[in-house]
Amino acid sequence: MIVIPSVPFIAQKKKTPASPAVPLALVSAAYDPEVPGVTLTFNKAIDTGEMLVDSIVVADGQFNNASFIGTTTTGVTATSVTIEMVSFGPAELGEVTLTADAANGIVAASGGEVWEGVSGVALPFP
């Protein structure tokens with residue numbers, strides 16, 4: 001008599017398709033007219049080592065009636081950066097807006113995606 005040994009069932013792991021990379025995005029921005037300064041918060045960890053703070057501009061037509069440009073970072077966490085600002089001219093009366101040039105130097109800490117910046121975003125955001 002021939003005995004055929006049973007082969008144990010080995011389940012194969014299904015391959016899951018790689019999820020598309022999530023772009024680096026601004027999720028909130030808060031302006032403090034007293035400092036003046038702005039805190040930018042992103043959807044993932046950031047690297048500000050090559051950040052150009054002077055590419056961040058706030059037009060404050062509500063509290064100070066002035067436009068401000070970034071001068072220095074005063075606080076950095078894994079997903080946010082706070083930027084102190086100095087006045088460089090008048091602002092159109094009305095709302096407070098944020099503009100960040102695409103060459104601002106903020107990138108994702110993992111993967112290096114570049115933050116594309118924003119233009120005329122009303123603050124506070126969202």
Side-chain angles (χ1 to χ4, degrees):
M1 173 169 167
I2 299 176
V3 177
I4 301 174
S6 63
V7 178
F9 176 75
I10 300 174
Q12 292 185 3
K13 190 174 184 178
K14 290 184 179 182
K15 293 183 182 177
T16 359
S19 58
V22 176
L24 181 61
L26 184 68
V27 293
S28 73
Y31 171 65
D32 181 350
E34 299 296 320
V35 172
V38 65
T39 299
L40 309 176
T41 304
F42 296 88
N43 62 331
K44 57 174 119 178
I46 57 171
D47 179 355
T48 58
E50 299 295 319
M51 181 180 175
L52 302 172
V53 291
D54 60 353
S55 68
I56 311 295
V57 175
V58 171
D60 177 357
Q62 184 176 5
F63 304 103
N64 293 310
N65 297 324
S67 292
F68 295 93
I69 191 166
T71 57
T72 187
T73 59
T74 58
V76 178
T77 69
T79 58
S80 70
V81 59
T82 300
I83 304 155
E84 280 192 11
M85 310 185 104
V86 64
S87 173
F88 72 91
E92 189 174 313
L93 292 178
E95 62 185 358
V96 179
T97 60
L98 168 70
T99 298
D101 188 272
N104 59 66
I106 299 173
V107 299
S110 175
E113 299 107 325
V114 175
W115 179 49
E116 297 297 323
V118 293
S119 180
V121 170
L123 295 178
F125 172 80

Mind checking what makes side-chain contact (heavy atoms from CB on, under 4.5 Å) contact with Pro33, not counting sequence neighbours?
Tyr31, Asp60, Phe63, Asn64

Please report the closest heavy-atom contact between Ala29 and Leu123, naming both atoms and the distance.
CB-CD2, 3.5 Å

Validation row: Pro126, Ser28 side chains within 4.5 angstrom (heavy atoms)
yes

OG1 (Thr72) and CE (Met85) are apart, to the nearest 0.5 Å, by 11.5 Å

Pairs involving residues 113-126, ordered by first then second residue, that meet side-chain hydrogen bond (donor to acceptor under 3.5 Å, both in side chains) (sequence neighbours left out):
Lys44-Glu113

I need the Met51 CE to Ile56 CD1 distance, nearest 0.5 Å.
4.5 Å

Sort and list the pairs that fulfil salt bridge (Lys or Arg N to Asp or Glu O under 4.0 Å) and have at least one residue in residues 63-73, not counting sequence neighbours.
none

Clusters formed by hydrophobic residues whose side-chain heavy atoms approach within less than 4.5 Å: which one holds Val57, and what are its other members?
Ile69, Val86, Phe88

Roughly how far, to the nearest 0.5 Å, is CG of Leu40 from CZ of Phe125?
10.5 Å

What pairs of residues pass the side-chain hydrogen bond (donor to acceptor under 3.5 Å, both in side chains) test when at least one of them lies in residues 76-85, not counting sequence neighbours?
Thr39-Thr82, Thr77-Ser80

Quick one: does Val81's side chain get under 4.5 Å of Ile46's, heavy atoms only?
yes

Asn43: what forms a side-chain contact (heavy atoms from CB on, under 4.5 Å) with it, not counting sequence neighbours?
Val22, Leu24, Ala25, Val27

Start with the C-alpha distance between Asn65 and Leu93, add both sets of side-chain angles, then the distance that settles side-chain contact (heavy atoms from CB on, under 4.5 Å), and finish with yes or no.
CA-CA 6 Å; Asn65 297 324; Leu93 292 178; 2.7 Å; yes

Exactly one of Leu98, Ile106, Thr41 clears side chain to side chain contact (heavy atoms under 4.5 Å, CB included) with Leu26, and that residue is Leu98

Kindly give the heavy-atom pair with the smallest separation between Phe68 and Pro36, and that separation in Å.
CE2-CG, 3.3 Å

Heavy-atom pair of closest approach, residues Ala91 and Gly61
CB-N, 4.1 Å

Within the structure provided, determine whether Val38 and Asp32 are in side-chain contact (heavy-atom separation under 4.5 Å).
no

Sorted by first residue and then second, give each side-chain hydrogen bond (donor to acceptor under 3.5 Å, both in side chains) pair with at least one member in residues 46-58; sequence neighbours left out.
none

Salt bridge (Lys or Arg N to Asp or Glu O under 4.0 Å): pairs with one or both residues in residues 89-101, sequence neighbours excluded
none

